[in-house]
Amino acid sequence: MTDAEVAECLARGREGDEKAILELFHYMYPHISKLVHANLPGKESPEDLVQKVCIKVMSHLDQFSGKVPFLHWVSRIAVNTCLNQIRHEKRRPEIRLADLSEEEAGVVEHLATMPGELDASEKMAASELVEKLLNGLKPADRLLMKLMYLDGRHIQEIASLTGWSQTLIKVRAFRARAHLRKQYVLLMKENP
Amino acid sequence: MNPIDDQLNRLFHAARKTDAAEAPVPYGLETRALAAWRESRQTSGLWDMAILARGLVVAIVIMGASMWPALHKTATTDPLSEYLQASDTTLASYETP
């Protein structure tokens with residue numbers, strides 16, 4: 001759907017055409033779902049958060065000015081909702097080896113002793129380990145790490161999603177990365 | 001590259017989620033979303049009406065407050081009314097035996 005088509009749907013919606021609004025909803029839903037699943041906070045169910053974002057977007061649809069592309073506007077609402085949710089969750093100061101499952105400890109050992117990529121069977125444990133490492137970060141840093149390393153987004157893209165400046169993103173990324181490195185070194189030291 | 005950085009990069013790479021198949025819209029979400037949109041439209045309409053009504057009340061109050069001193073002054077210091085009042089008093093005193 002192009003921006004012109006979105007504008008047309010919105011105009012029809014303002015005249016009371018619900019079919020046009022539903023078209024918009026079905027256009028943005030996969031985008032919201034993908035963003036929330038990529039950045040979802042640990043404890044919250046992704047489906048609940050997707051619904052929360054959808055309702056939020058729909059109830060603010062009349063406020064969309066058309067100054068930015070529609071999906072950028074939707075993405076920013078989704079990312080900010082995720083960020084607020086992360087802020088509500090309690091963060092743990094640091095992670096210990098005892099907090100890891102056997103599989104997660106195995107991943108740490110594998111990374112330290114063998115070069116190359118992890119096996120497909122270890123991906124789930126790797127994902128959980130990353131989640132635990134990220135839990136020790138500040139909410140904004142955590143979101144940034146996810147967007148950058150798990151979602152593979154560029155700095156410019158993150159700037160448009162979050163509204164942060166590129167300098168701020170670089171500073172935050174550097175700080176978060178240093179924190180992760182420190183955490184990981186602590187784990188390595190504990191690993192016999 | 002620093003070995004720790006290398007390990008972290010490999011860890012992140014392994015943890016990357018592959019694009020999940022496009023999930024269908026959950027049951028009832030479409031209706032809820034549409035209801036939220038309808039509600040926001042109604043609320044914004046009511047909000048406009050509320051602002052209009054409040055504006056009207058405030059305008060009346062300001063108009064009344066600004067006219068009050070002028071009316072009050074006219075009632076107490078109007079020369080004609082003072083003159084007529086004085087005449088009435090004079091006539092009344094002459095008619096009294």
Side-chain angles (χ1 to χ4, degrees), chain A residues 13-14 16 18 21-22 24-26 28-30 33-34 37-38 46-48 50-51 54-63 107-108 110-112 114-120 122-131 133-134 145-146 148-152 177 180-185 188, chain B residues 1-70:
Chain A
R14 279 188 198 109
E18 293 188 349
I21 296 301
L22 279 179
L24 268 184
F25 171 74
H26 284 284
M28 70 186 180
Y29 178 79
S33 175
K34 195 180 163 194
H37 276 84
E47 281 73 29
D48 288 350
V50 169
Q51 294 201 18
C54 284
I55 301 291
K56 208 174 202 176
V57 170
M58 292 299 275
S59 54
H60 290 88
L61 212 51
D62 284 346
Q63 292 171 19
V107 166
V108 175
H110 184 146
L111 286 169
M114 285 190 273
E117 299 302 324
L118 290 170
D119 298 334
E122 291 172 309
K123 288 203 169 194
M124 180 68 88
S127 180
E128 281 162 10
L129 177 59
V130 164
E131 197 62 47
L133 282 169
L134 293 178
M145 288 290 102
K146 282 193 169 189
M148 216 172 217
Y149 294 111
L150 298 183
D151 222 9
R177 183 82 193 198
L180 284 178
R181 205 181 291 126
K182 199 174 146 194
Q183 278 286 298
Y184 192 74
V185 168
M188 298 284 292
Chain B
M1 188 190 274
N2 182 331
I4 297 298
D5 276 324
D6 174 57
Q7 286 177 36
L8 271 178
N9 285 345
R10 282 159 56 209
L11 179 64
F12 275 119
H13 191 266
R16 267 190 191 185
K17 286 168 190 160
T18 48
D19 278 350
E22 210 166 275
V25 177
Y27 179 74
L29 179 59
E30 193 182 275
T31 318
R32 283 181 61 204
L34 204 56
W37 173 73
R38 278 195 211 117
E39 198 181 331
S40 76
R41 289 193 60 181
Q42 281 170 2
T43 313
S44 68
L46 286 174
W47 180 245
D48 291 347
M49 286 292 287
I51 288 175
L52 197 70
R54 279 178 198 174
L56 205 64
V57 169
V58 169
I60 290 169
V61 168
I62 291 171
M63 203 168 75
S66 60
M67 282 173 75
W68 172 252

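It should be emphasised that the depicted structure is a prediction, and the values quoted were computed from it without experimental measurement. Every chain is numbered from 1, with letters handed out A, B, ... down the list of sequences.
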Spatial distance of atom [atom1] ([X]) from atom [atom2] ([Y]) [nearest 0.5 Å]:
X     : Y      : atom1 : atom2 : value
A:I55 : B:L29  : CD1   : CG    : 5.5 Å
A:L22 : B:L34  : CG    : CG    : 5.0 Å
B:I4  : A:R177 : CD1   : CZ    : 10.5 Å
A:S59 : B:R32  : OG    : CZ    : 11.0 Å
B:F12 : A:L129 : CZ    : CG    : 9.5 Å

Nearest non-hydrogen partners of [X] and [Y], listed with the distance:
X     : Y      : answer
B:A36 : A:M58  : CB-CB, 4.4 Å
B:D5  : A:R181 : OD1-NE, 3.0 Å
B:P26 : A:Y29  : CD-OH, 3.0 Å

Criterion side-chain contact (heavy atoms from CB on, under 4.5 Å) on B:L8 and A:Y149, from CA distance to verdict: CA-CA 10 Å; B:L8 271 178; A:Y149 294 111; over 6 Å; no
For chain B, the option from A:E128, A:E122, A:M114 that forms the most heavy-atom pairs under 4.5 Å: A:M114
Winner by heavy-atom pair count (cut-off under 4.5 Å) against chain B, out of A:E47, A:E18, A:M145, A:H26: A:E18
Heavy-atom proximity to chain B below 4.5 Å, by part of A:Y184: side chain
Contacting region of A:L61 [heavy-atom separation from chain B under 4.5 Å]: side chain
Validation row: B:V25, A:F25 side chains within 4.5 angstrom (heavy atoms): yes
